[in-house]
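For reference, the structure discussed in these notes is given below.
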Amino acid sequence: MDNALASTSFAVASERPESTTARPLVNAKSTPMNGKILSIEALTVSFDGFKAVDGLDMSIDENELRVVIGPNGAGKTTLLDMICGKTKPTSGSIRFRGTELGKLSDYQIVRLGVGRKFQTPSIYEDLTVAENLEISIPQVHGVWASIFFRRSKEVRERIGYVAEEIMLKDHLRMKSGKLSHGQKQWLEIGLLLMQDSDLMLLDEPVAGMSPREREETAELLKRIANGKSLVVIEHDMDFVRSIAKKVTVLHQGRLLSEGSVEEVQNDPRVIEVYLGH
């Protein structure tokens with residue numbers, strides 16, 4: 001990262017932004033006629049003959065919070081890897097608002113509006129919370145962009161609003177390395193909000209959190225889903241029940257079951273391979 005950017009001193013008020021109207025966490029972008037932000041058809045990826053994902057069909061609606069569960073090795077993380085461009089499919093289709101993602105690079109997919117949060121928070125611990133949020137603004141990316149970037153009133157308000165949304169408004173000047181584990185998870189979610197990601201892929205967002213932090217994270221994700229689409233991989237079934245309206249269950253790279261939490265929990269196939277273990 002640019003040393004000049006890393007060493008910058010960011011002065012921003014920790015209060016709520018000056019404007020009385022909070023900036024919405026969603027862009028006004030075109031919506032497909034079918035209301036689907038993500039459509040996956042016959043998606044397959046093989047590693048040395050092993051099919052980690054095998055003929056998967058699923059779709060995500062605009063402003064939907066979908067939870068994906070399944071036993072270890074079910075293909076959950078591999079699915080996110082393919083959506084965000086980290087892993088290329090062997091066959092099948094991944095379409096984001098009608099654009100095929102399978103042959104795009106990861107940075108091209110990010111620019112379209114797809115953001116990914118990994119299991120372990122990837123933040124700059126030697127920078128403050130405010131600085132982490134600032135460098136996530138798309139206009140800051142690149143050496144020349146960072147040199148000529150100016151912290152306008154809109155940028156300061158945007159940072160203040162996102163910080164409040166992720167419950168870190170009182171920690172803007174704190175070095176991120178001093179945050180609790182749960183707060184680091186929230187900060188990384190904030191980075192996706194700063195990027196204006198319309199589809200957010202979250203891999204085990206409450207891993208290692210305290211019970212209180214899990215409750216606060218559930219409320220955070222439900223707020224975000226009012227203006228964005230989320231795909232959440234999670235093992236904590238209590239957390240799943242608290243946020244999910246629709247659950248997708250994967251097993252051995254295939255779709256095993258899909259429906260409400262109650263429908264999935266009562267599916268004998270799910271009980272046998274996952275919930276009953």
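- Put simply, NZ on Lys117 and CG on Leu187 are 10.5 Å apart, with the number rounded to the nearest 0.5 Å.
- Distance CG/Leu250 to CG/Leu255: 6.5 Å, rounded to 0.5 Å.
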Q | Leu168 and Leu133: CA distance, side-chain angles, deciding distance, side chain to side chain contact (heavy atoms under 4.5 Å, CB included) verdict | A | CA-CA 11 Å; Leu168 293 178; Leu133 293 172; over 6 Å; no
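- Scanning both residues, Pro71 and His251, for their nearest heavy atoms gives CG-ND1, 3.8 Å.
- Among all heavy-atom pairs drawn from Arg223 and Glu165, the shortest one is NH2-O, 2.9 Å.
- For the pair Glu188 and Lys184, the minimum side-chain heavy-atom distance is 4.5 Å or more.
- Listed for the Thr248 side chain is no donor-acceptor partner under 3.5 Å among the backbone atoms of Glu258.
- Arg241 is linked by a side-chain contact (heavy atoms from CB on, under 4.5 Å) to Met237, Asp238, Val261, Gln265, counting only residues two or more places apart in sequence or in another chain.
- Closest of all the heavy-atom pairs between Ser136 and Leu191 is OG-CD2, 3.2 Å.
- The 12-atom threshold is exceeded at NZ of Lys88, counting heavy atoms of other residues, nucleotides or ligands nearer than 6.0 Å.
- Residues Leu79 and Lys76 are not in side-chain contact: their nearest non-hydrogen atoms beyond the backbone lie 4.5 Å or more apart.
- Checking Glu64 against Ser229 by side-chain atom types alone, no donor-acceptor pair falls below 3.5 Å.
- Counting only heavy atoms from C-beta outward, the side chains of Gln183 and Val129 never approach each other to under 4.5 Å.
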Q.
Assess the residue pair Met209 and Phe239 against the criterion (side chain to side chain contact (heavy atoms under 4.5 Å, CB included)); give the C-alpha distance rounded to whole Å, side-chain angles, the decisive distance to 0.1 Å, and a yes or no.
A. CA-CA 11 Å; Met209 285 189 180; Phe239 181 74; over 6 Å; no
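- Taking the side chain as every heavy atom from C-beta outward, Ile159 and Leu172 approach each other to under 4.5 Å.
- Applying the side-chain contact (heavy atoms from CB on, under 4.5 Å) criterion to Ala207, with sequence neighbours excluded, gives Glu204.
- To the nearest 0.5 angstrom, Asp126 atom CG is 6.0 Å from Lys175 atom NZ.
- Using a 4.5 Å heavy-atom threshold, the side chains of Leu202 and Ile233 count as separate.
- With sequence neighbours excluded, no residue forms a salt bridge (Lys or Arg N to Asp or Glu O under 4.0 Å) with Glu213.
- Residues Pro205 and Glu234 share a closest heavy-atom pair of CD-OE1, 3.3 Å.
- Here the side chains of Leu201 and Asp203 are not in contact, with every heavy-atom distance at 4.5 Å or above.
- Checking each of Val206, Val247, Val68 against Val240 for a side chain to side chain contact (heavy atoms under 4.5 Å, CB included) leaves exactly one that passes, namely Val247.
- Taking 4.5 Å as the limit, some side-chain heavy atom of Asp196 sits within range of a side-chain heavy atom of Arg158.
- Hydrophobic clustering (ILVMFWY, side-chain heavy atoms < 4.5 Å, transitive): Phe47 and Ile94 are in one cluster.
- Within a 6.0 Å radius of NZ in Lys51, no more than 12 heavy atoms belonging to other residues, nucleotides or ligands are found.
- Between Thr217 and Gln185, the closest side-chain pair of non-hydrogen atoms is not below 4.5 Å.
- With rounding to the nearest 0.5 Å, the separation of OG in Ser180 from CH2 in Trp186 is 6.5 Å.
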Q | Test log, rule side chain to side chain contact (heavy atoms under 4.5 Å, CB included), inputs Leu112 and Leu101 | A | CA-CA 10 Å; Leu112 283 176; Leu101 302 183; 3.7 Å; yes
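- Note that the OG atom of Ser197 and the CZ atom of Arg116 stand 12.5 Å from one another [nearest 0.5 Å].
- Residues forming a side-chain contact (heavy atoms from CB on, under 4.5 Å) with Tyr107 (at least two apart in sequence, or on another chain): Ser105, Arg111.
- Scanning both residues, Thr44 and Gly55, for their nearest heavy atoms gives OG1-N, 2.9 Å.
- Atom CG in Asn132 sits 10.5 Å away from atom CE in Met194 (nearest 0.5 Å).
- Contact between Ile189 and Ile224 at its shortest, heavy atoms only, is CG2-CD1, 3.7 Å.
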Q.
If you apply the rule salt bridge (charged side-chain N to carboxylate O under 4.0 Å, His left out), what do you find for Arg97 with Asp198, and how did you get there?
A. CA-CA 10 Å; Arg97 287 196 170 122; Asp198 295 313; 3.2 Å; yes
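- Residues satisfying the salt bridge (Lys or Arg N to Asp or Glu O under 4.0 Å) test with Lys222, not counting sequence neighbours, are Glu219.
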Q.
Working note: Asp61 + Asn63, criterion side chain to side chain contact (heavy atoms under 4.5 Å, CB included); need CA distance, chi angles, decisive distance, verdict.
A. CA-CA 6 Å; Asp61 291 337; Asn63 302 336; over 6 Å; no
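- Phe118 and Tyr124 are not part of a single hydrophobic cluster, where members link through side-chain heavy atoms under 4.5 Å apart.
- Asp267 is linked by a side chain to side chain donor-acceptor pair (under 3.5 Å) to Ser257, Arg269, counting only residues two or more places apart in sequence or in another chain.
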